[in-house]
Amino acid sequence: MHERIYLSPPHMSGNEMKYIQEAFDSNWIAPLGTNVDKFEEEICAYVGMDHGLALSSGTAGIHLALKYFDVGPGDYVFCSDLTFAGSCNPILYQYANPVFIDSEPETWNMSPIALEKAFEWAKKENKMPKAVIIVDLYGQSADYDSLLPICEHYGVPVIEDAAEALGASYKGKKCGSFGHIGIFSFNGNKIITTSGGGMIVSNDEEAIKKMRFWATQSKEVSRHYEHKEVGYNYRMSNICAGIGRGQLEALDTFIQCRKNINELYRESLSDLALSFMPVKNNGSPNYWLSVVKFTSNAILTPDDIIVPLEEENIESRPVWKPMHLQPLYKKYSFFSHGESISELLFHTGICLPSGSAMTTEEIQTVVKVIKRIFYGT
Ligand SMILES: *Cc1c(COP(=O)(O)O)cnc(C)c1O
């Protein structure tokens, strides 16, 4: 049997060791160091933001952003419903209440219709959120021209969870730059990885300064370790940042690889009752994952594809299980687009292997299994 085909495994560019070696040569393994400073600068330059803060994870970034917007016990935070739990777990860290917002069919991202409904409810019930977390799903930008004016109208700041969308853009502007604060993840499965890590970006220098302070245990300026506020150990190591610098140099190549994979899947699966995550023409995704869903007349379930792929040593996954269906989150409010789009996508969607190092042969292996299922041969 062929080697396992993973959903989105790490893909080293070859430049990572150079930066790690530099850290070793100067014995600057930790704390922080040149690679961290440079990685922050390089990500900012790439995304077009003024300030960056390298962290131990993307989740840590969302936590600090919520704290910056003073989210505390009993507060409300709106969040995309169709996402990974890392987007909303920090809301619970702050003992606040998440309110989940459904997807729209056009981008699978946050629905402006559901968002407006949620704001009208919040206004009536006196439950205005302290922040709105908008996710750029599977590497595609949310529709910010529709979403941002609604948030502005109600005067609520936006945290852009671009964990999956580094390198994607919307009307020529890079993802991560649409909210007051943007967040990236460099977890092992993301388009670039530092083995584990994250970054906050913002044009608000004071905000970054404050979050940097909290991320380093809130140490006051003093020799004797003075503390007035609670802090966190959330910074990135100089070794991890070295991996990140090497990865960032290859990001545009990785995006091209994933785009090619997406195109090959589209061509090869075009005659089946499957449709791909729609790409809105004013956006340019990073194609992190190629995701398909059954067209409405199909009678299969995601497991009908996922299980046979697994039998061939191929990893695929259902679309994220919507947060409002999770045991942990089902007691919180949810606002739907009409019929719930996130639920529909969960029941009909499959994430296909999309790693940037995937070979044409591996793609054809995946395609062959899927075709066999549809044709029943
Ligand atoms: C991966 C991911 C996160 C969490 O990032 P970590 O670095 O794993 O903490 C948050 N939100 C989304 C949408 C993600 O995909």
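When a ligand or atom number is given, it counts from 1 through the structure's own listing order.
In this structure, D75 and D70 approach most closely via the heavy-atom pair OD2-O, 3.3 Å.
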In residues 206-214, what donor-acceptor pairs under 3.5 Å come from side-chain atoms, sequence neighbours left out?
from	atom 1	to	atom 2	distance (Å)
K210	NZ	E229	OE2	3.0
R212	NH1	E40	OE1	3.4
R212	NH1	E40	OE2	3.4
R212	NH2	G52	O	2.9
W214	NE1	E229	OE1	2.8

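Sorted by first and then second residue, the side-chain hydrogen bond (donor to acceptor under 3.5 Å, both in side chains) pairs involving residues 236-251 (not counting sequence neighbours) are N15-E249, E16-Q247, Y19-E249, N35-R245, E42-R245.
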Criterion salt bridge (charged side-chain N to carboxylate O under 4.0 Å, His left out) on R317 and E315, from CA distance to verdict = CA-CA 7 Å; R317 291 287 183 122; E315 184 188 18; 3.5 Å; yes
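Residues with a heavy atom under 4.0 Å from ligand 1: S57, G58, T59, T83, F84, G86, S87, V135, D161, A163, E164, S185, N187, K190, G197.
Using cut-offs of 30° and 60° for the angle between ring planes, the Y144 and F178 rings count as parallel.
If you chain together ILVMFWY residues whose side-chain heavy atoms come under 4.5 Å of each other, L344 ends up in a group of its own.
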